[in-house]
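Some notes on the structure that comes next.
Below, all heavy atoms of this structure are taken into account, side chains as well, without hydrogens, waters or symmetry copies.
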Amino acid sequence: MANPIISRTELLAGDAPMTVNGVVKKTALLLGISATTGFGLFFFALMSGISSGVLVGLFIVAMLAAMGIGLTTAFKPHLAKTLSVPYAALEGVVIGVASAFAFYKAPSVPLLALSATFVSAAVMLTLYSTGIIKVTEKFRSLVVSASIAIMIVYAIQWIMSLVFGSSIPHLFNGGMIAIGFSVFTTLIASFFLLLDFKNIEDGVMYGVNEEFEWVYGISVLATLVWMYIEFLRLIGYLQE
């Protein structure tokens, strides 16, 4: 989600204001931690033959813990510096497990999804920096509303899967409807990166204290992980 504390950060200017370069460095650090954790777990899962049940448990625990840390940093941003590293490691567990399951179905999917994520991020950065796409309040409202709707659908799917062992008809079982829904969610995830860019730009403009660089780093990381997961699902459908 777009960082909710942007509405408050203009009031928190400090003697050492945040910079775009500072956010880039912290985001790169967090990405490195997530990648290291994710690749490590991915290869360990493949070589050791961890059961699917254990992997699912790891995924759920890591995802819920990451969500908890994300909400904590939204309401208590001064904790972001301390919580950013464990958050990145948890996101690494999420991508590691998701990549392992995708690999079991089709070995080429994780690499294709990783490539698609970085290409899409580069495209979104170009579209934003050149002004081809402008993040207006209407654009933000549409993307956030669509994201909330997607999260509600995912929550229903998770509940149905865990409690009843079933799935929402047509949306997660492959086929044209599932592919169409996956394309939509992948686009929304990519558009969310534009909101992150706008939030960072606004933070620099407001002279927000540099400690908030960690908050924005967490936000960008969360969006990139979301994009990667969506590409895993979409490419997996296309290879079925």
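Between Lys198 and Asp202, some side-chain heavy-atom pair lies under the 4.5 Å cut-off. In this structure, the side chains of Met18 and Asn209 stay at 4.5 Å or more apart for every pair of heavy atoms.
The distance from the OG atom of Ser182 to the CD1 atom of Ile177 is 13.5 Å, given to the nearest 0.5 Å. Atom CG of Leu83 is separated from atom CH2 of Trp214 by 11.5 Å, given to the nearest 0.5 angstrom. A distance of 12.0 Å separates NZ in Lys134 from CG in Leu127, rounded to the nearest 0.5 Å. Once rounded to the nearest 0.5 Å, the distance linking CG of Leu234 with CG of Leu187 reads 9.0 Å. Note: Glu230 CD to Met227 CE = 10.0 Å, rounded to the nearest 0.5 Å. Here the OH-CG distance, from Tyr87 to Leu90, works out to 9.0 Å after rounding to the nearest 0.5 Å.
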Go through the steps to decide whether Phe39 and Ile95 satisfy the test side chain to side chain contact (heavy atoms under 4.5 Å, CB included), and finish with yes or no.
CA-CA 8 Å; Phe39 282 124; Ile95 62 177; over 6 Å; no
Decide side chain to side chain contact (heavy atoms under 4.5 Å, CB included) for Tyr216 and Asn199; before the verdict, give the C-alpha distance in whole Å, the side-chain angles of both, and the deciding distance to 0.1 Å.
CA-CA 8 Å; Tyr216 293 107; Asn199 287 345; 3.8 Å; yes
Given Phe101 and Leu55, is the side chain to side chain contact (heavy atoms under 4.5 Å, CB included) satisfied, shown in steps?
CA-CA 9 Å; Phe101 277 117; Leu55 288 176; 3.8 Å; yes
Test side chain to side chain contact (heavy atoms under 4.5 Å, CB included) on Leu195 and Phe139; report intermediate values, then the result.
CA-CA 9 Å; Leu195 271 59; Phe139 179 87; 3.5 Å; yes
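Below 30°, between 30° and 60°, or above 60°: for Phe197 and Tyr128 the angle between ring planes is between 30° and 60°, a tilted geometry.
Of the possible donor and acceptor atoms, one in the side chain of Glu213 sits under 3.5 Å from a partner among the backbone N and O of Thr19. Between the side chain of Ser84 and the backbone N or O of Lys81, at least one donor-acceptor pair lies under 3.5 Å. Proximity of a side-chain donor or acceptor of Ser34 to a complementary backbone N or O of Glu91 within less than 3.5 Å is not detected. Proximity of a side-chain donor or acceptor of Ser120 to a complementary backbone N or O of Thr117 within less than 3.5 Å is not detected. For the pair Thr223 (side chain) and Ser219 (backbone), a donor-acceptor distance under 3.5 Å is present.
Considering every non-hydrogen atom in both Ala98 and Ile229, the closest pair reads CB-CD1, 3.5 Å. Here the closest non-hydrogen pair linking Leu79 and Thr72 is CD1-CG2, 4.0 Å. Minimum interatomic distance between Val153 and Phe181 (heavy atoms only, all atoms of both residues): CG1-CZ, 3.9 Å. Ala146 approaches Ile188 most closely through the heavy-atom pair CB-CD1, 3.7 Å.
Other residues, nucleotides and ligands contribute over 12 non-hydrogen atoms within 6.0 Å of the OH atom of Tyr154. Residue-environment remark: CE (Met67) stays at or below the threshold of 12 foreign heavy atoms within 6.0 Å.
Linking Ile, Leu, Val, Met, Phe, Trp and Tyr residues whenever their side-chain heavy atoms come within less than 4.5 Å leaves Trp158 and Val61 in two separate clusters.
Among residues two or more places apart in sequence or in another chain, the side chain to side chain donor-acceptor pair (under 3.5 Å) test is passed with Thr82 by none.
Side-chain polar atoms of Tyr228 and Ser99 form a donor-acceptor pair below 3.5 angstrom. Ser108 and Gln239 share a side-chain donor-acceptor pair at under 3.5 Å.
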